[in-house]
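So you know, we letter chains A, B, ... as the sequences are listed, proteins then strands, and number each from 1. Just so you know, these numbers use all the heavy atoms, side chains as well, and skip hydrogens, waters and symmetry mates.
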2 protein chains.
Amino acid sequence: MPQAGTSRATMEPAELGLRERKKQRTRRALRMAAIRLVAERGLDGVSVDEIAAAAEVSTRTFFNYFPTKDEAIVGLDPEDIREITEAVSARRADESPLEALREVMLQRAALVAPEQADLWPLRLAIIRRHPHLMAANAASWSSYENALAEAAGRRCGLDPARDPYPAVLVAAVLAVVRTLSVRWQEFPGAPLVEVLGQAFDSLARGLPPPQPHESSRGAAPMTTTDPCTVRPEHEES
Amino acid sequence: MPQAGTSRATMEPAELGLRERKKQRTRRALRMAAIRLVAERGLDGVSVDEIAAAAEVSTRTFFNYFPTKDEAIVGLDPEDIREITEAVSARRADESPLEALREVMLQRAALVAPEQADLWPLRLAIIRRHPHLMAANAASWSSYENALAEAAGRRCGLDPARDPYPAVLVAAVLAVVRTLSVRWQEFPGAPLVEVLGQAFDSLARGLPPPQPHESSRGAAPMTTTDPCTVRPEHEES
DNA sequence: TACAACCTTATAGTCTCTGCATTTATTCAA
DNA sequence: TTGAATAAATGCAGAGACTATAAGGTTGTA
């Protein structure tokens with residue numbers, strides 16, 4: 001059983017066999033070529049032919065790896081999905097589902113895989129330039145919404161097919177992560193992890209309205225972390 | 001006086017000028033043709049040519065109205081966006097942003113514009129059959145995430161460009177609505193409005209983990225009681 | 001009526017993406 | 001080491017999505 005990964009990720013597991021490793025390399029090469037070229041010349045300024053050429057494979061091979069040009073740019077690696085899902089399942093059982101997701105997402109945001117460190121900003125720049133990619137992005141995420149929802153459901157003993165709670169929880173969490181990831185690029189004031197953390201706090205409190213203080217500070221915090229005046233909500237204890 | 005739009009929607013405002021009305025009709029005809037045909041024969045069983053033919057316009061004209069075949073099926077009318085945004089702005093000022101959004105979304109879910117009443121289920125059926133459309137769907141929604149975020153921001157006196165709160169709030173809310181709308185088609189046990197209402201309650205409480213077996217709450221938890229069998233069903237292609 | 005602005009349309013072409021048959025590379029077992 | 005068995009990469013042919021352009025119709029206006 002694999003150690004519920006904190007590291008791993010950079011090294012190519014030697015046990016994987018030559019064929020598998022080659023595939024990973026090809027996929028990465030294609031993605032890098034796609035992102036680099038598109039960041040440079042715009043989405044319509046680059047054809048799949050050129051991307052494939054840059055990665056030194058045939059055009060047809062490109063489509064063996066990605067169903068769409070868009071996916072090559074914004075899609076998540078299936079491996080990443082597996083990692084994240086596993087990480088959620090591996091969290092201590094006494095955490096609430098929201099807490100577990102929070103921690104995994106924050107960790108993830110903190111380490112942004114080293115090889116992709118330089119690609120990440122390019123990706124976001126591209127998305128900002130071509131908003132419709134945010135869709136493809138969301139779509140790609142939604143493909144692991146299901147996986148995550150299942151993991152989340154298991155934590156609280158719910159069948160995600162029956163009870164909407166896990167799906168709702170995951171949808172809300174991923175929406176927050178996605179939104180802030182994109183914003184973060186535009187207003188790189190505070191580190192992403194911080195902004196995300198505050199957003200999660202807010203979410204955990206039921207998204208209470210923040211006070212409209214005339215804040216002329218450069219980086220307006222999401223909400224204060226002290227006992228704010230939460231509006232009276234119907235709650236039972 | 002707009003009356004916080006409960007009606008309107010079916011009548012074509014006569015003041016709009018012939019040209020404008022014609023455009024609306026064409027757009028609607030194209031959308032209806034697209035949804036009907038695709039629901040019948042599947043996404044790849046219908047070409048844009050056929051859709052245009054069914055709506056009695058040229059293929060080129062189709063692309064004057066929709067940038068994409070997908071958009072014709074899942075995209076929102078700009079007019080709807082305007083209506084929803086206005087409805088949010090029109091809510092009483094003493095409601096919290098979350099409450100305001102909640103009410104608007106519930107109202108919207110309750111009345112599903114009359115002309116589209118029959119199209120709505122078809123749309124969802126199509127999305128379920130072609131999961132990647134959920135992306136286009138989300139994308140289209142995201143185009144009014146901004147509008148909504150701005151309206152939400154105004155309510156609490158925040159500049160949505162500076163403070164992430166409105167964006168986060170809206171993203172979470174729309175994620176929930178989208179998720180449940182899709183699920184609702186698969187498990188049509190409880191009325192959508194009810195399921196949505198429960199989800200909003202949960203959101204307002206900070207997404208607390210539900211108890212697997214104790215049904216201590218009078219107000220029904222999100223747990224459904226229908227025994228449904230489910231399988232993934234990723235048809236596509 | 002005449003004019004300007006805007007829609008629609010046909011044509012022709014580029015690009016995306018798929019199916020299929022062939023070739024090349026990798027694994028595995030003898 | 002060799003020889004299948006297996007899987008991936010490639011080239012090719014083709015359908016369909018989408019666009020640029022130019023020409024022809026409609027609508028709003030003077």
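Considering only the side chain of A/Ser47, C/dC15 comes nearest among C/dC15, D/dA17, C/dT26. In this structure, of D/dC18, C/dT26, D/dT19, it is C/dT26 that holds the atom nearest to the side chain of A/Lys22. The listed nucleotides are C/dT9, C/dC17, D/dA17; the one nearest the side chain of B/Val57 is C/dT9. Considering only the side chain of B/Arg60, D/dT19 comes nearest among C/dT27, D/dC18, D/dT19. Proximity note for B/Thr26 (side chain, C-beta onward) versus C/dT8, D/dC18, C/dT16: the nearest is C/dT8.
Ion pairing between a basic and an acidic side chain is recognised when a charged N comes within 4.0 Å of a carboxylate O; A/Asp80 and A/Arg108 show such pairing.
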Under the side chain to side chain contact (heavy atoms under 4.5 Å, CB included) rule, what do A/Met105 and A/Leu174 come out as? Steps first, then yes or no, please.
CA-CA 9 Å; A/Met105 291 299 156; A/Leu174 290 186; 3.7 Å; yes

Does B/His130 form a side chain to side chain contact (heavy atoms under 4.5 Å, CB included) with B/Leu133? I'd like the steps, not just the answer.
CA-CA 6 Å; B/His130 305 277; B/Leu133 282 181; 4.2 Å; yes

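For D/dC18, neither phosphate oxygen OP1 nor OP2 lies less than 4.0 angstrom from any side-chain nitrogen or oxygen of B/Thr59. For A/Thr61 and D/dT10, the shortest distance from a side-chain N or O to OP1 or OP2 is below 4.0 Å. Dashed line: the shortest gap from a side-chain N or O of B/Ser58 to OP1 or OP2 of C/dT9 is under 4.0 Å. At D/dA8, none of the side-chain N or O atoms of A/Tyr65 fall inside 4.0 Å of OP1 or OP2 (strictly under the cut-off).
Side chain of B/Glu50 to backbone of B/Ser47: a donor-acceptor contact under 3.5 angstrom is found.
We find that CD of A/Glu71 is positioned 14 Å from C1' of C/dT16, with the value rounded to whole Å. If you take CG of A/Leu30 and C1' of D/dA9, they are 12 Å apart, rounded to a whole angstrom. If you measure from atom CG of B/Asn64 to atom P of C/dC7, you get 9 Å, rounded to the nearest angstrom. Regarding B/Asp70, its CG atom lies at a distance of 16 Å from the P atom of D/dG16, rounded to whole Å. In this structure, the NZ atom of A/Lys23 is 14 Å from the P atom of D/dT10, given to the nearest Å. We find that CG of B/Leu43 is positioned 13 Å from C1' of C/dC17, with the value rounded to whole Å. In this entry the distance linking CZ of B/Phe62 with P of D/dA17 reads 9 Å, nearest Å. Following rounding to the nearest Å, A/Phe63 (CZ) and D/dC12 (C1') show an atom-to-atom distance of 15 Å.
Across all strands shown, B/Asp49 has no heavy atoms under 4.0 Å from either base or sugar-phosphate atoms. At a threshold of 4.0 angstrom between heavy atoms, the contacts of A/Asp44 with the nucleic acid are absent.
B/Arg36 is not listed as a side-chain neighbour of B/Arg31, based on a closest heavy-atom distance of 4.5 Å or more.
Residue side chain A/Arg21 does not reach the base of C/dT26 through any donor-acceptor N/O pair under 3.5 Å, judged by distance alone.
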